[in-house]
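Written out below as C-alpha cells is the structure these notes cover.
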Amino acid sequence: MYVNTKEILEDASKKYYAVPAFNINNLEFLMAILQGAVEKKAPIIIETSEGAIKYAGNGNPLRGARFFAETVKNYAESLDIPVALHLDHGKNLEYIAAAIKAGYSSVMIDASHEEFEKNLEITKEVVKWAHAAGVSVEAELGQLAGIEDNVVAKENVLVDPQQAKIFVEETNVDFLAPAIGTSHGAFKFKGEAKLDFERLKRVKELTKIPLVLHGASSVPTKFVELAEKYGANLGGAKGVPQEDIKKCVELGINKVNTDTDLRIAFLAGLRKHLSENEKEFDPRKYFKEGMEFVKEVVMERLEFLNTAGKA
Ligand SMILES: O=C(COP(=O)(O)O)NO
Ligand SMILES: [Ca+2]
Ligand code: NA
Ligand SMILES: [Zn+2]
C-alpha cells in the first residue's frame, strides 16, 4: 500500500530501527527494490532527486514527478507492504511544488547551504505548504562534503544540536537530516571514516523526531571488484563501514539514504552480463543481472537495518 513517509518513520523512531531510502532514476531499479522489500516483508522508501525527475520528465518537473508518483503508486497499491515516495534533496521550489502536486508522500527541502535563519525560514514555508497537502517534510542542518547534486559543499559543517532543537520547534518539520560527517558518492573519506556519534545522540535527545542519515552507502567491495573485473574504474571507492551505520541506528537514525551502493551493484551486473553475452540485445535480458545484484544489496540492507519483517 502507498503510505505517507511519516507513518513509516514514526514507527521506526519509536522502535529504534531504520528504513532504507533507495534512490531511483528508472523502472529497473524500482522493480528490483520492490522485489527485495516484498521478499523481506519490509516497509520501503523510494526516493528521487531533482536530477531523476528532470531525467524522467525530459526537463519538465511536473511530467517527471508524475511519472514516478503514478508508477510507484500503481505498484504500491498491488503490494501488501507500506511503500512511500520521497523527493530527495529538494532545492528548487518548482520541483518541490511538482512533487507535492504529483502526490509524493514526502519532500526534502535542503536549504542547509544557507545561513541558519534563512534555512529555517525556507523550511517553515515548505512545511506549511506541504502539510496543507498532507505531505510530510524532511530538512537538513549542517553540510555534507562532496557533491550534493548541484551544490558543491566545500567541507563538512557538522550540525549544532542546540540549533537543531530550535529548528525543529520553529519549523514543525517531520524528520531531520543532521550532518555528522558523511558525504555523498563513492569516495567518502580521505582517511578513516569518522562520524560524530556524540553529536547525533544529542540531536536525538533534543529533537525526538525521526532522523535521516545521508551519504550512507557502504560501497560493498564485492561489487566494486566485480565491476572493475569487467572494465570499470572505481579506484579508491570507500563507503561508511556497516558497524558505523549500526551505531547510528542505535543512536536514533531512522531513514538511511542509499544511492551509490545500488548504482555500483547494477553497474557490476550490467558489465558482467554484457561481456558474457555478446549476442544479447534484449534489454529485459541484459538488465536482469544488474537488477538481481541491486535486489541482493536491498535485501541485505533491509536485514541489516532490522527493517525486515516490519511491514
Ligand atoms: O544521501 C544520499 C545517498 O548517499 P550515498 O551516495 O552514500 O548512497 N542521498 O540523498
Ligand atoms: Ca544540503
Ligand atoms: Na532525503
Ligand atoms: Zn543525500
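Counting starts at 1 for both ligands and their atoms, following the listed order. Because the structure is predicted, anything quoted here is derived from the model rather than measured. We count residues from 1, following the sequence as given.
Under 4.0 Å is where a charged nitrogen must lie from a carboxylate oxygen, and between K14 and E10 no such pair does. Salt-bridge formation is not detected for the pair K295/E292: no Lys NZ or Arg NE/NH1/NH2 atom is positioned less than 4.0 Å from an Asp or Glu carboxylate oxygen. For the pair E296 and K222, the salt-bridge criterion is met [side-chain N within less than 4.0 Å of a carboxylate O]. Salt-bridge formation is not detected for the pair K246/E250: no Lys NZ or Arg NE/NH1/NH2 atom is positioned less than 4.0 Å from an Asp or Glu carboxylate oxygen. At a threshold of 4.0 Å, the pair K288-E280 does not count as salt-bridged, since none of the basic side-chain nitrogens sits closer than that to a carboxylate oxygen.
Using modelled atom types, no side-chain atom of N23 and backbone atom of N25 make a donor-acceptor pair closer than 3.5 Å. Side chain of S217 to main chain of G239: no donor-acceptor pair is present (N/O by atom type, distance under 3.5 Å, no hydrogens or angles). In this structure, S105 contributes its side chain and V3 its backbone to a donor-acceptor pair below 3.5 Å. No donor-acceptor pair closer than 3.5 Å links the side chain of T171 to the backbone N or O of L120.
Looking at atom 7 (O) of ligand 1, its nearest protein heavy atom turns out to be K188 NZ, 2.5 Å. The nearest protein atom to atom 6 (O) of ligand 1, hydrogens excluded, is given as T260 OG1, 2.7 Å; this is a heavy-atom distance. Shortest contact from atom 2 (C) of ligand 1 to any protein heavy atom: H184 CD2, 3.3 Å. Closest to atom 10 (O) of ligand 1, if we only count protein heavy atoms, is D88 OD2, 2.6 Å. Among all non-hydrogen protein atoms, the one lying nearest atom 1 (O) of ligand 1 is G215 N, 2.8 Å.
Taking backbone and side-chain atoms together, Q143 has no N/O/S atom less than 3.0 Å away from the Ca ion (ligand 2). Using a cut-off of 3.0 Å, one finds that D110 contributes no N/O/S atom close to the Na ion (ligand 3). For a distance bound of 3.0 Å, the N, O or S atoms of H89 include none lying that close to the Na ion (ligand 3).
Close approach to D259 involves these atoms of ligand 1, each under 4.0 Å from a residue heavy atom: 3 (C), 8 (O). Close contacts of ligand 1 with H214, meaning ligand atoms under 4.0 Å from a residue heavy atom, involve 1 (O), 10 (O). Residue N23 has at least one heavy-atom neighbour below 4.0 Å for each of these atoms of ligand 1: 9 (N). Contact atoms of ligand 1 toward T258: 8 (O) (distance under 4.0 Å to a heavy atom of the residue).
Considering all non-hydrogen atoms of both residues, V297 and D261 come closest at CG1-CB, 4.0 Å. Taking each heavy atom of N254 and I209 in turn, the nearest pair found is OD1-O, 4.4 Å.
Note: angle at the Na ion (ligand 3), from OE2 of E138 to NE2 of H86, is 100° (rounded to 10 degrees). Rounding to 10 degrees gives 130° for the angle at the Na ion (ligand 3) between NZ of K255 and OD1 of D88. Rounding to 10 degrees gives 90° for the angle at the Ca ion (ligand 2) between OG of S112 and OE1 of E140.
Neither the backbone nor the side chain of T182 has a heavy atom within less than 4.0 Å of ligand 1. For A21, no heavy-atom contact with ligand 1 is shorter than 4.0 Å.
Under the 4.5 Å side-chain criterion, counting only non-hydrogen atoms from C-beta, V212 is not in contact with M108.
Between H89 and ligand 1, an N or O atom pair is found at a separation short of 3.5 Å. Every N/O-N/O distance between D261 and ligand 1 stays at or above 3.5 Å.
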